[in-house]
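Everything below concerns the one structure shown next.
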Amino acid sequence: MDDLSGPPRSEPTDDPGLAGRIAVWDAEAAAYDDPADHGLRDPAVRAAWSALLLPLLPSAPARVAELGCGTATLSALLAAAGHRVDAVDFSPAMLERARAKVAGLPGSPVRVLAGDAAHPPLTSDSYDVVLCRHVLWALPDPVAVLRRWSALLRPGGVLVLVEGSWSTGAGITGAECVALAEAADLEPAHTPLVDPALWGREISDDRYLVVARPRRSVAKQRESGESR
């Protein structure tokens, strides 16, 4: 299990808001796993997330990047299913908990890396899946961010976004997320996430999944199908 110290190589060093955002998420770390969908401590909630995410991935072992991983709960979930995961976060407090969470997994299938999800310190064209949960809404210039994330994908790769527009007023709506993905040259598919099993309770706000593929990749797949 590796860790990158210092600023990621692709992260701008002149971002005046970065230190403040890191401080906000550092302060959230101690209680981050308390919500049922964050910690996945309830077996029923964990099973619901497995049932949601695992069918979206290729057969194991796929290479997955989880950006803005927090305490790496989803990274650990995917690794337990046989996938190889690079988990990225910029919060030292989150990273400390993430390392502890994945330390006992056999074969070290999760690398925990220090870095800004908006400028991930990862190699382009290297991942079958880029997964981000409750991250895009908090980032500046989301269209540019989505383009960076899609550049990480191998041909045929998929971007998996779990987002929401919450009762607190934070977040982005499903329609907004789809529009951002389309502006970033992605072809998105939107699915509402209304099942209480995912959240450990009934919800009334807008929570959803967007699965998106780069248009270049979709076009090649269509051309390949037409030429057969």
Side-chain angles (χ1 to χ4, degrees), residues 17 20-57 64 66-78 80-81 87-91 93-94 97-98 101 117-118 129-143 145-146 149 158-184 186-213:
R21 294 200 301 277
I22 291 173
V24 167
W25 291 108
D26 273 348
E28 295 283 336
Y32 188 78
D33 279 351
D34 290 349
D37 59 301
H38 283 190
L40 303 189
R41 293 164 176 158
D42 183 332
V45 176
R46 185 178 184 85
W49 281 95
S50 292
L52 175 70
L53 295 177
L54 293 180
L56 303 175
L57 275 62
V64 181
E66 188 191 2
L67 307 180
C69 67
T71 61
T73 302
L74 293 185
S75 290
L77 182 75
L78 300 185
V88 176
D89 206 279
F90 62 11
S91 160
M94 292 287 191
R97 288 162 174 79
K101 186 173 289 183
V129 179
V130 172
L131 168 66
C132 307
R133 181 172 67 167
H134 304 165
V135 174
L136 186 65
W137 73 273
L139 299 180
D141 199 354
V143 172
V145 167
L146 287 169
W149 291 352
V158 62
L159 178 61
V160 177
L161 305 173
V162 178
E163 288 290 342
S165 177
W166 300 285
S167 56
T168 60
I172 53 177
T173 67
E176 289 169 335
C177 189
V178 166
L180 291 170
E182 291 174 340
L186 296 161
E187 289 202 7
H190 169 274
T191 303
L193 299 180
V194 297
D195 185 354
L198 291 165
W199 315 107
R201 60 183 178 86
E202 296 283 346
I203 60 165
S204 58
D205 42 19
D206 181 16
R207 306 187 190 196
Y208 56 88
L209 171 76
V210 168
V211 176
R213 300 179 186 275

Pick out which of L74, V210, L53, V130 makes a side-chain contact (heavy atoms from CB on, under 4.5 Å) with V160. L53
Measure the acute angle between the ring planes of H134 and H38, then classify it against the limits of 30° and 60° as parallel, tilted or perpendicular. tilted
I want to check something: taking the side chain as every heavy atom from C-beta on, are Y208 and I172 in contact at a cut-off of under 4.5 Å? yes
Mind listing the closest non-hydrogen atom pair of V143 and A184 along with its distance? O-CB, 3.8 Å
Check G68 against A117 and note the closest heavy-atom contact, atom names and distance. N-CB, 3.6 Å
Could you check whether any side-chain N or O of E163 sits under 3.5 Å from a backbone N or O of V135, counting only pairs where one atom can act as donor and the other as acceptor? yes
Do you know the tightest heavy-atom contact between L136 and P142? CD1-CB, 3.7 Å
Give the minimum heavy-atom separation between C69 and D89, together with the two atoms involved. N-OD2, 3.3 Å
Could you check V211 against L56 for side-chain contact (heavy atoms from CB on, under 4.5 Å), going step by step and ending with a plain yes or no? CA-CA 8 Å; V211 176; L56 303 175; 4.1 Å; yes
Within this structure, what is the CG-CD1 distance for the pair L198 and I203, rounded to the nearest 0.5 Å? 8.0 Å
L161 and W137: CA distance, side-chain angles, deciding distance, side-chain contact (heavy atoms from CB on, under 4.5 Å) verdict: CA-CA 10 Å; L161 305 173; W137 73 273; over 6 Å; no
List the atom of D26, the atom of A93, and the distance in Å for their closest heavy-atom pair. OD1-N, 3.0 Å
Could you check whether any side-chain heavy atom of T73 comes within less than 4.5 Å of a side-chain heavy atom of Y32, counting everything from C-beta outward? no
Residues at least two apart in sequence or cross-chain that pass side-chain hydrogen bond (donor to acceptor under 3.5 Å, both in side chains) with D33, listed by chain then number, are T71, K101
Determine the minimum heavy-atom distance between L67 and C132, stating which atoms define it. CB-SG, 3.7 Å
For the pair W49 and V162, evaluate side-chain contact (heavy atoms from CB on, under 4.5 Å) and give the outcome as yes or no after the intermediate values. CA-CA 11 Å; W49 281 95; V162 178; 3.8 Å; yes
Spatial distance of atom CG (L131) from atom CH2 (W149) [nearest 0.5 Å]: 9.5 Å
Between the main-chain N or O of S167 and the side-chain N or O of D205, is there a donor-acceptor pair closer than 3.5 Å? yes
Passes side-chain contact (heavy atoms from CB on, under 4.5 Å), V129 versus L78? Steps please. CA-CA 11 Å; V129 179; L78 300 185; over 6 Å; no
OG1 of T173 to CG of L180: how many Å apart, nearest 0.5 Å? 8.5 Å
